[in-house]
K.L.:
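Okay, here's the structure, questions in a sec.
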Amino acid sequence: MPLFETSAPLAGLRGELRAAVERVLDSERYILGPEVEAFEREFAAYCGAEQAIGVANGTEAITIALRAMGVGPGDEVVVPSFTFYASAEAIPPTGARPVFCDIDPETYCVTPETVRAALTPRTKAVIAVHLFGNVAPVAEIEKLGVQVLEDAAQAAGSTSAQGRPGSLGTAATFSFFPSKNLGAFGDGGMITTRDAEVAERVRMLRFHGSRDKVDFELVGYNSRLDELQAAILRVQLPHLDSMADGRRRAGEHYRQAGMGAYASLPQPTAGSAPAWHLYVIGHDRVGDVEAALKQAGIGHKPYYRTPVHRQQAMREWGQSIELPGTEQAAARHLAIPMSPILSREQVDEVVAAIATV
Ligand SMILES: *Cc1c(COP(=O)(O)O)cnc(C)c1O
């Protein structure tokens, strides 16, 4: 049983996807054309954001969004250490320094308390990662008086009482890496924002810091979403909610199948309905769980065994910090099969394998 599925959930869309590719080939518009413009409008409407701006990937999306929010040399950006490395990697290119904060190991997300402990007078922004599809408490963090960038790379399709990821902070970033909840057939990313000035700066930064490729006002990037990827994503967006429901249903299967008796289940944050990107359990003898799943031929993976602040590339910023929730999650977590089409029978098989540990 695979850990996740990328092509099988799209089987019913093959014809539409082919037609979308043909449409772009016929149009001879490949960069910043009608498909990207339409997808930006459709994605902004889906999220409930004022604007959406397509970029090349979810990592550059973070760097560009931070710069558009005014982050630069001398500033600090608070970021959790238990996340995909790119959440923090995207900070130094702005000139700011990453300041690592802890998470709640039950939700895998930052909390107002873990963020508050990392704030200083130099803090310019907080990156709230909606990890594994769970939704970090953005409004409560904003109450600390700091602007929030949502890293929503794993949370397309999730919802919360305050709204969807992409509409909660000053700005938000998404990745369309093929295995994400909304995946392109290559790299792609998006920045959403409610702030018209941030949107304007993002549009310039992704386009060499220019409005017209004649006058260059900022040192920017060449970071665009391709027409081809936008056309492919437009076919999938109307189905994102039903795919997300499939992920929620699979999470419910795990609960109903009794997985909670054998491992700690991921806890949705208050008011959220996560579209689980990865379904991540916790176990004190996680090595034994890995061995049992391997024996049963069931996909599994520890994603972040070494938290970001202890990665070699972060040694300048990650030394001598104590993050107990992060260390606990890093040591105990394990992703087990999750997809929009994971059945109750498959879930029963996974639970039976883990019950032997
Ligand atoms: C995937 C991911 C990114 C980076 O996205 P890319 O498109 O691969 O650059 C950033 N943050 C998180 C939490 C991710 O999961």
Side-chain angles (χ1 to χ4, degrees), residues 3-4 6 39 43 52-66 77-94 98 100-101 103 107-110 125-136 138 148-158 165-166 168-169 171-192 202 205-206 221-226 228-230 232-233 236 244 247 266 269 274-280 301-309 311 313-314 326 329-330 333 335 338:
L3 183 57
F4 55 81
T6 47
F39 182 56
F43 194 77
I53 304 104
V55 293
N57 58 67
T59 307
E60 285 185 350
I62 297 171
T63 303
I64 291 172
L66 287 173
V77 176
V78 174
V79 64
S81 173
F82 191 75
T83 177
F84 177 52
Y85 172 70
S87 305
E89 178 192 34
I91 298 169
T94 68
F100 292 100
C101 75
I103 51 148
T107 64
Y108 302 109
C109 286
V110 296
V126 173
I127 299 179
V129 182
H130 300 311
L131 200 67
F132 304 141
N134 214 350
V135 185
V138 175
V148 173
L149 173 65
E150 304 169 63
D151 179 347
Q154 300 188 2
S158 294
L168 307 174
T173 59
F174 291 83
S175 164
F176 304 123
F177 185 82
S179 65
K180 303 283 160 110
N181 289 3
L182 181 62
F185 296 170
D187 279 309
M190 188 72 89
I191 297 167
T192 60
V202 168
L205 284 168
R206 77 166 172 184
Y221 308 83
N222 175 359
S223 185
R224 278 106 48 153
L225 180 65
D226 293 343
L228 208 48
Q229 301 302 344
I232 285 163
L233 290 162
Q236 296 181 54
R247 292 175 181 276
T269 53
W276 299 114
H277 169 56
L278 299 170
Y279 197 77
V280 175
K301 187 173 168 182
Y303 273 79
Y304 314 127
R305 206 55 97 214
T306 303
V308 180
H309 77 283
Q311 295 288 347
M314 292 288 139
T326 297
H333 82 288
M338 169 53 64

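Since the model is a prediction, treat every value here as computed from it, not as a measurement. For ligands, and for the atoms within them, numbers begin at 1 and follow the listed sequence.
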K.L.:
Let me confirm one number: the CZ-OG1 distance from Phe43 to Thr192, rounded to the nearest 0.5 Å.
P.N.:
7.0 Å
K.L.:
Just which atoms of ligand 1 are under 4.0 Å from any heavy atom in Ser87?
P.N.:
11 (N), 13 (C)
K.L.:
At less than 4.0 angstrom from any non-hydrogen atom of Gly58, what atoms of ligand 1 do you find?
P.N.:
4 (C), 5 (O), 6 (P), 7 (O), 9 (O)
K.L.:
Could you name the option among Lys180, His277, Glu60, Met190 that has the heavy atom nearest to atom 1 (C) of ligand 1?
P.N.:
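It is Lys180 that holds the nearest heavy atom.
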K.L.:
Out of curiosity, His277 NE2 to Asn181 CG, how far, rounded to the nearest 0.5 Å?
P.N.:
6.0 Å
K.L.:
Look up atom CG in Asp151 and atom CD1 in Ile62, then write down how far apart they are to the nearest 0.5 Å.
P.N.:
4.0 Å
K.L.:
Determine whether the aromatic ring centres of residues Tyr108 and His333 are separated by less than 6.0 angstrom.
P.N.:
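Centroid distance His333-Tyr108: not below 6.0 Å, so no.
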K.L.:
Return the residue, atom name and 0.1 Å-rounded distance of the protein heavy atom closest to atom 13 (C) of ligand 1.
P.N.:
Asp151 OD2, 3.4 Å
K.L.:
Regarding ligand 1, does Tyr304 bring an N or O atom to under 3.5 Å of one of the ligand's N or O atoms?
P.N.:
no
K.L.:
Answer with yes or no whether Gly189 contacts ligand 1, where contact means a heavy atom under 4.0 Å from a ligand atom.
P.N.:
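Flag not set, Gly189 not near ligand 1.
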K.L.:
Report, in ascending order of atom number, the atoms of ligand 1 lying under 4.0 Å from any heavy atom of Thr83.
P.N.:
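Reading through ligand 1 atom by atom, the close ones are 13 (C).
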K.L.:
Considering the heavy atoms of Asn57, write down every atom of ligand 1 situated less than 4.0 Å from one of them.
P.N.:
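By the 4.0 Å cutoff, the relevant atoms are 7 (O), 9 (O).
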K.L.:
Between Phe177 and Phe84, is the ring centre distance below 6.0 Å?
P.N.:
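Between Phe177 and Phe84, the centre distance exceeds or equals 6.0 Å.
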K.L.:
Strictly distance-based, threshold 3.5 Å: is any side-chain N or O of Asn57 a donor or acceptor partner for the main-chain N or O of Asp187?
P.N.:
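It does not hold such a pair.
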K.L.:
At a 4.0 Å threshold, what atoms of ligand 1 neighbour a non-hydrogen atom of Ala153?
P.N.:
2 (C), 3 (C), 10 (C), 11 (N), 12 (C), 14 (C), 15 (O)
K.L.:
Please report which non-hydrogen protein atom sits nearest to atom 4 (C) of ligand 1, along with the residue it belongs to and the distance in Å to one decimal place.
P.N.:
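Of the protein heavy atoms, Thr59 OG1, 3.4 Å lies nearest.
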K.L.:
What orientation do Phe132 and Tyr304 show, parallel under 30°, tilted 30 to 60°, or perpendicular over 60°?
P.N.:
parallel
